[in-house]
Protein chains: 2
Amino acid sequence: MTATKVTLKDVAARAGVSYQTVSKVLNGEMQVAPETMERIQAAVQELGYRPNRIARNMRAGRSFMIGYSWTQTEPGQVNHILDQFLSSMVREAGAVGYYVLPFPFREGNAQVETYRDLIKSGNVDGFVLSSVNYHDPRIQFLLKQQFPFVAFGRSNPEWDFAWVDIDGAAGTRQAVAYLIGRGHRRIAILAWPEDSRVGNDRLQGYLDAMQAAQLAPEPGYILRGEGTFEVGRAMTLHLLDLPADRRPTAIMALNDTMAIGAMAAARERGLTIGTDLAIIGFDDAPMAQYLFPPLSSVRQPIAEAGRKCVELLVALVEGREPEQRHVLLQPSLIIRASS
Amino acid sequence: MTATKVTLKDVAARAGVSYQTVSKVLNGEMQVAPETMERIQAAVQELGYRPNRIARNMRAGRSFMIGYSWTQTEPGQVNHILDQFLSSMVREAGAVGYYVLPFPFREGNAQVETYRDLIKSGNVDGFVLSSVNYHDPRIQFLLKQQFPFVAFGRSNPEWDFAWVDIDGAAGTRQAVAYLIGRGHRRIAILAWPEDSRVGNDRLQGYLDAMQAAQLAPEPGYILRGEGTFEVGRAMTLHLLDLPADRRPTAIMALNDTMAIGAMAAARERGLTIGTDLAIIGFDDAPMAQYLFPPLSSVRQPIAEAGRKCVELLVALVEGREPEQRHVLLQPSLIIRASS
DNA sequence: ATGATAAAGGCGAACGTTCGCCTAGAAAGA
DNA sequence: TCTTTCTAGGCGAACGTTCGCCTTTATCAT
């Protein structure tokens, strides 16, 4: 009802003390007589006082904002991570007095400039970076600026910075080991271009699992390309057109979109998915469970990752050295009818 | 490189003028001698000055922030809207000097309190509301507070507030008219509970299209339930178990998740989707195109909606009366193999 | 010559906090 | 009684802007 802003002075006037006293009392930095305390609290209640965040930040010289940027997906793709990740970050941040400031970008623009601006204008106290890759210019920049940040994903191993990541290799390793356990020997993998750090990590799990089972991975079984439906489909068609004795009986895809492409290809060749050809995806997109047949996939603890990113970042921002600067989370294999 | 913050005073000292002058010059509120101008600009460049946003907001008494909240989807569902909608809002907002402050919530918590807090603490200048429904308490609250907001979605028609919405009725109407044009007469609809404003809107389009074609919609063809895979599947099984002469030949689902459930049911009954049974969804989730068969659906102009919300809200916040307080956007029917 | 006007820029104040230091009075010890 | 110590709270300043008003000097028409 009070359209006008309620300030410390209003509260102080009503409680009959100085406004600085009100501030200190509310922040628990001062002992006052019980009755004064009560008067102040009553005034706060009656006027509905909330400290003005801008003024507080101004004084503190910080913004209590965490910048978060992600690459916007192209039309036709879906970012099923965003909701979970962002929600979990906002919740964790809110619990310690921070907000999250999102700034999506389309690739190709002068990203580092955006970061510089946000820093110089005092808009954010730190960043969470996602979709990081090997030579990520943002990491280089932020390291040079000595500005606090946490990367969701690893990068160049020579750079020393805080990160949270999901153990992609372990995910693929688990999935491929499962396939081997089910008797598969000819297992192909739909991988990503060599400049993809995430892709190489996940691929490594495949190599590890194969080696652990004494299986020499045939070079022809490792295909690389963009992680799209079309690429997944084309790769799988290629694999299925191999001579019968060399045709793979199982396919591991590095994401669900490719796996769905693989499913389409299998259908085109008249194969029954799950029996004629096993397929496992990665990411466990929500749609995976509704596909026909439901797609096995590797699920990542996204919410946990968001929480950890914020926890780590806030520690850095506030100058506390976190107990661990690197967090590696374990994904889990979800088996459905496709494998 | 300059770790320390650069302020107006630093620039002024270097340019040899007062800091207020620098402020005015940078904001284009003052005429100065060309050489002074140059000195100032040089100083800005060399020091890398960016105005401190917090101080600016403090002075302006506003935060230049737009609050945006959405209901976080349950695990297993996906919010394929969020990325597009949020990105488009952030972009549009950025173009006019605003940021977007996200605060997702799980249902059931004291939402209005969150809004009140954000207002009182001066954290936001206005809100964009999504997932609004008939008796939305947030709308009531914000109207009473006379605080600027724009709803993405309509609500109680008696309330007067600014909104942007997608013409769901038109979408369904178009889809059902298409089905009728293809010769279908027995068309069922998988609708939502009666307390869903969006659901009733979309349902109305079905009724309109049927009436326009002089088809009396059989009551048994209108099923209501939650918009989930399981519900869609169960409803469709029920429909398909009707006697052959009353079994529908086409199904319109109010979202893609239900449509996918319908597809699963059809498969269970051994029907070929697209020929034995036509299915159309709503939302055009990215996965729709990759299903088997690809799912026809109604696509909503999400990015456009995000832009409009921000445009409208900023007008309201800045006291300009927008030329139109209600924006109704048209969805488009995407025909694929499922119908 | 004179007053009016414009151009170029200075100066104080304010936004709402928090922080550090100060003070008045009371209690307590010598 | 005098000094010390504690308690409860006051007061000025500062964070970095923007805003309104003032001052100085030059220009111009009368």
Side-chain angles (χ1 to χ4, degrees), chain A residues 2 4-41 43-44 47-65 97 117 119-125 318, chain B residues 2 4-41 43-44 47-65 97 117 119-125 318:
Chain A
T2 47
T4 153
K5 297 275 176 198
V6 179
T7 78
L8 272 182
K9 296 190 183 175
D10 299 322
V11 175
R14 177 174 270 247
V17 291
S18 80
Y19 67 95
Q20 296 98 328
T21 299
V22 176
S23 168
K24 287 177 192 168
V25 169
L26 292 183
N27 292 325
E29 292 178 358
M30 194 179 185
Q31 294 284 0
V32 290
E35 48 178 26
T36 311
M37 178 75 132
E38 246 175 63
R39 283 208 317 279
I40 291 177
Q41 281 175 343
V44 166
L47 298 175
Y49 170 77
R50 297 274 109 184
N52 181 308
R53 196 154 201 276
I54 299 181
R56 169 177 285 178
N57 293 353
M58 164 98 167
R59 173 67 224 213
R62 316 204 282 118
S63 65
F64 292 93
M65 288 268 175
D117 265 24
I119 295 175
K120 292 220 165 186
S121 62
N123 252 317
V124 300
D125 294 343
E318 302 189 342
Chain B
T2 46
T4 152
K5 296 277 176 197
V6 179
T7 78
L8 272 182
K9 294 189 183 174
D10 299 321
V11 175
R14 177 175 269 246
V17 291
S18 79
Y19 66 95
Q20 296 99 327
T21 299
V22 176
S23 168
K24 288 178 191 168
V25 167
L26 292 183
N27 292 325
E29 292 178 356
M30 193 182 188
Q31 293 285 359
V32 290
E35 48 179 27
T36 311
M37 178 77 131
E38 246 174 63
R39 284 208 317 277
I40 291 178
Q41 280 174 344
V44 166
L47 298 176
Y49 170 75
R50 298 272 108 183
N52 181 307
R53 196 153 199 277
I54 299 180
R56 168 177 285 179
N57 293 353
M58 164 98 167
R59 172 67 222 211
R62 315 205 281 117
S63 65
F64 292 93
M65 289 268 174
D117 265 21
I119 294 174
K120 292 220 167 185
S121 62
N123 251 318
V124 299
D125 294 342
E318 302 189 341

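Within every chain, numbering begins at 1; the chains are lettered A, B, ... in the order of the sequence lines, protein sequences first and strands thereafter. For the numbers below, each heavy atom of this structure counts, side chains included, while hydrogens, waters and symmetry mates do not.
- Dashed line: the shortest gap from a side-chain N or O of B/T36 to OP1 or OP2 of C/dA8 is not under 4.0 Å.
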Anything under 3.5 Å between a donor and an acceptor, one on a side chain of residues 15-24 of chain A, the other on a protein residue two or more places apart or in another chain? List them.
unit_1, atom_1, unit_2, atom_2, d
A/S18, OG, A/Q20, OE1, 3.4
A/S18, OG, A/T21, N, 3.3
A/S18, OG, A/T21, OG1, 2.9

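- For residues 49-60 of chain A, the side-chain hydrogen bond (donor to acceptor under 3.5 Å, both in side chains) pairs, not counting sequence neighbours, are A/R50-B/D117.
- Within the 4.0 Å cut-off from OP1 or OP2 of C/dG10, at least one side-chain nitrogen or oxygen of B/T21 is found.
- Contacts of A/T36 classified as side-chain hydrogen bond (donor to acceptor under 3.5 Å, both in side chains), with partners at least two apart in sequence or in another chain: none.
- As rounded to whole Å, 11 Å separates atom C1' of C/dC11 from atom CE of B/M30.
- Every side-chain hydrogen bond (donor to acceptor under 3.5 Å, both in side chains) that B/E318 has, sequence neighbours left out, goes to B/Y98, B/R320.
- Residues that satisfy the side-chain hydrogen bond (donor to acceptor under 3.5 Å, both in side chains) test with A/N27, not counting sequence neighbours, are absent from this structure.
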Where do N or O atoms of nucleotides 15-19 of chain D meet protein N or O atoms at under 3.5 Å, pair by pair?
unit_1, atom_1, unit_2, atom_2, d
D/dT17, OP1, B/Y49, OH, 2.9
D/dT17, OP1, B/N52, N, 3.2
D/dT17, OP2, B/L8, N, 2.8
D/dT17, O5', B/Y49, OH, 3.2
D/dT18, OP1, B/N27, ND2, 3.3
D/dT18, OP1, B/R56, NE, 3.0
D/dT18, OP1, B/R56, NH2, 3.0
D/dT18, OP2, B/S23, OG, 2.5
D/dT18, OP2, B/N27, ND2, 3.3
D/dT18, O2, B/R59, NH1, 2.6
D/dC19, OP2, B/E29, OE2, 3.0
D/dC19, O4', B/R59, NH2, 3.4

